[in-house]
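Take a look at the structure set out below.
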Amino acid sequence: MAKSEPLHTEIGDFAVPRHIAIIMDGNGRWAAARGLPRGEGHRRGVEALRRTVRAAGDLGIGFLTIFSFSAENWSRPAAEIRELMGLLRRFIRHDLADLHRRGVRVRIIGEREDLDPDIRRLLEEAEELTRENNRLVLVVAFNYGARQEIARATRRIAAAVAAGDLSIDAITADTLASYLDAPDLPDPDLIIRTSGEQRLSNFLLWQAAYSELVFVPTYWPDFDRAALESAIIEYRRRERRFGGLVARTGS
Ligand code: IPE
Ligand code: IPE
Ligand code: MG
C-alpha cells in the first residue's frame, strides 16, 4: 500500500466525511478557456481524478462516488462520446493495478445493459479484482441517472410483488433504498460539484436527501487535494439536523 502523505494541517485531527460524492464538471470550459479541444479537458480531468482518489485515500475517506458519465451525456456529439469511452477504457487498463495496490475497491452504479460489451467487461473486471479491498471504496457512476436508477428499483420491487415475495403494504422508503444499484453503501454526507454550476443533474437524487452540497467554482481539471480539503472544511461548518432540533456539525 502506498505510504500516506502528511495530512493538511487544517484537516489535521478532524474527522472526515464518511462518503463524499463528486460531480466532476467543467472539463469543456477548462479547455475552451485555453483554446484547446474539449477532449484535452477530459484528459486533464482524468489526472484530477487520479489526484483526488489518492487524496481521498490519504484522508481516510471511506467512500468516494464520482459522476463519470450521465445517462443524458449520450446526447453529446458522437466524437466526444467516443473520446469519453476511450478515456474510461484507458483509465481502467492503466490504473486498475495501481488502485488495487492502494487497497481501493471499485464499485459501479448505472445501467450496464446498453454499454459496449468490452466496457462492461472492463467494469466487471475492476469490480472483481478489487472485491476484497477495504481502504477506500471508489464508486464509479457510469451511464448513471438517478431517475433511471429509481425506475430500475421500482421494476425490481414490482417483480418481487408479482412473484409473491413482497407484499405491497410492506413497501417503505427503506425497501426502495434496498433495491437501488448499490444498496449497501451509506448515503453521501457531502456532494461536491465543480465548475460553478449549482444543480444535481440527475445524480443520486434519492441518496442526496440529507447530503450537504458544496459548489466550487474550480473547473474539474484544476481540482486537487487542497480543493478537496477546502470542501471538507466547508462541510464541517454546516449543521446537520436531519429534520430534528439537535444540530450536528458535519463529521
Ligand atoms: C464534465 O465536464 C465531464 C462530463 C460531463 C463527462 P463537461 O464535459 O460537462 O464540461 P463543461 O460543463 O462543458 O465545461
Ligand atoms: C453532469 O455534468 C454529469 C457528469 C459530471 C458526468 P453535465 O455537464 O452533463 O451536466 P449539465 O448538462 O450541465 O446539467
Ligand atoms: Mg458540464
Side-chain angles (χ1 to χ4, degrees), residues 19-53 55-56 63-92 94-95 106-112 114-116 119-120 122-123 126 138-152 180-182 185 188 190-208 211-224 227-228 231:
H19 184 175
I20 296 181
I22 305 184
I23 304 174
M24 310 184 292
D25 196 16
N27 294 351
R29 278 164 286 164
W30 181 93
R34 288 161 180 76
L36 298 169
R38 291 178 60 85
E40 190 53 30
H42 294 315
R43 275 186 289 282
R44 296 291 290 264
V46 175
E47 288 171 26
L49 173 60
R50 287 193 183 105
R51 287 197 291 274
T52 304
V53 173
F63 302 83
L64 177 69
T65 298
I66 50 159
F67 202 2
S68 304
F69 190 85
S70 79
E72 289 77 28
N73 286 148
W74 295 108
S75 63
R76 295 192 179 195
E80 179 163 348
I81 291 172
R82 261 197 307 279
E83 271 187 310
L84 289 167
M85 296 296 152
L87 281 175
L88 176 79
R89 282 190 189 93
R90 246 167 292 150
F91 177 71
I92 294 183
H94 288 175
D95 289 55
V106 179
R107 300 279 301 267
I108 312 293
I109 55 172
E111 179 55 78
R112 300 178 192 208
D114 349 312
L115 296 175
D116 280 355
I119 292 205
R120 215 171 135 168
L122 278 173
L123 294 175
L138 176 65
V139 185
V140 181
F142 196 82
N143 191 20
Y144 177 85
R147 287 177 169 179
Q148 292 84 342
E149 181 188 31
I150 293 166
R152 270 194 297 286
L180 294 173
D181 288 353
L185 302 182
L190 165 63
I191 297 180
I192 301 169
R193 182 170 188 149
T194 59
S195 90
E197 304 297 353
Q198 303 194 359
R199 55 177 171 267
L200 287 174
S201 300
N202 202 15
F203 186 49
L204 302 180
L205 298 182
W206 178 277
Q207 299 88 333
S211 303
E212 295 299 327
L213 309 181
V214 171
F215 299 103
V216 301
T218 317
Y219 291 144
W220 176 249
D222 289 329
F223 198 82
D224 59 8
L228 179 66

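Note that the structure is predicted; figures quoted are calculated from it, not measured. Whatever order the structure lists them in is the order used to number ligands and atoms, beginning at 1.
Listed by number with element, the atoms of ligand 2 under 4.0 Å from a non-hydrogen atom of Ser68 are 6 (C). Short contacts between ligand 2 and Ile23, defined as distances under 4.0 Å to a heavy atom of the residue, involve ligand atoms 5 (C). Using a 4.0 Å cut-off to heavy atoms of Asn73, the atoms of ligand 2 that qualify are 3 (C), 6 (C), 9 (O). Residue Phe69 approaches ligand 2 through these ligand atoms, each under 4.0 Å from one of its heavy atoms: 6 (C). Remark: ligand 2 atoms within the under-4.0 Å shell around heavy atoms of Arg199 are 11 (P), 13 (O), 14 (O). Less than 4.0 angstrom separates some heavy atom of Ser201 from each of these atoms of ligand 2: 10 (O), 11 (P), 14 (O).
Note: no N/O pair closer than 3.5 Å links Glu197 and ligand 2 by distance alone. Considering backbone and side-chain N/O atoms, Trp30 never comes within less than 3.5 Å of an N/O atom of ligand 1. The shortest N or O to N or O distance between Arg193 and ligand 2 is below 3.5 Å. Ligand 1 has no nitrogen or oxygen under 3.5 angstrom from a nitrogen or oxygen of Leu84.
Neither the backbone nor the side chain of Glu83 comes within 4.0 Å of ligand 1, counting heavy atoms alone.
Summary of contacts: the protein heavy atom closest to atom 5 (C) of ligand 2 is Met24 O, 3.4 Å. Scanning the protein for heavy atoms near atom 6 (C) of ligand 2, the closest one is Phe67 O, 3.4 Å. Of the protein's non-hydrogen atoms, the one nearest atom 10 (O) of ligand 1 is Gly28 N, 2.9 Å. Atom 4 (C) of ligand 1 has its closest protein heavy atom at Arg76 NH1, 4.0 Å. Atom 3 (C) of ligand 1 has its closest protein heavy atom at Asn27 ND2, 3.6 Å.
Of all N, O or S atoms in Asp25, the one lying closest to the Mg ion (ligand 3) is OD1.
Using a 4.0 Å cutoff on heavy atoms, Ser195 does not count as a contact of ligand 1.
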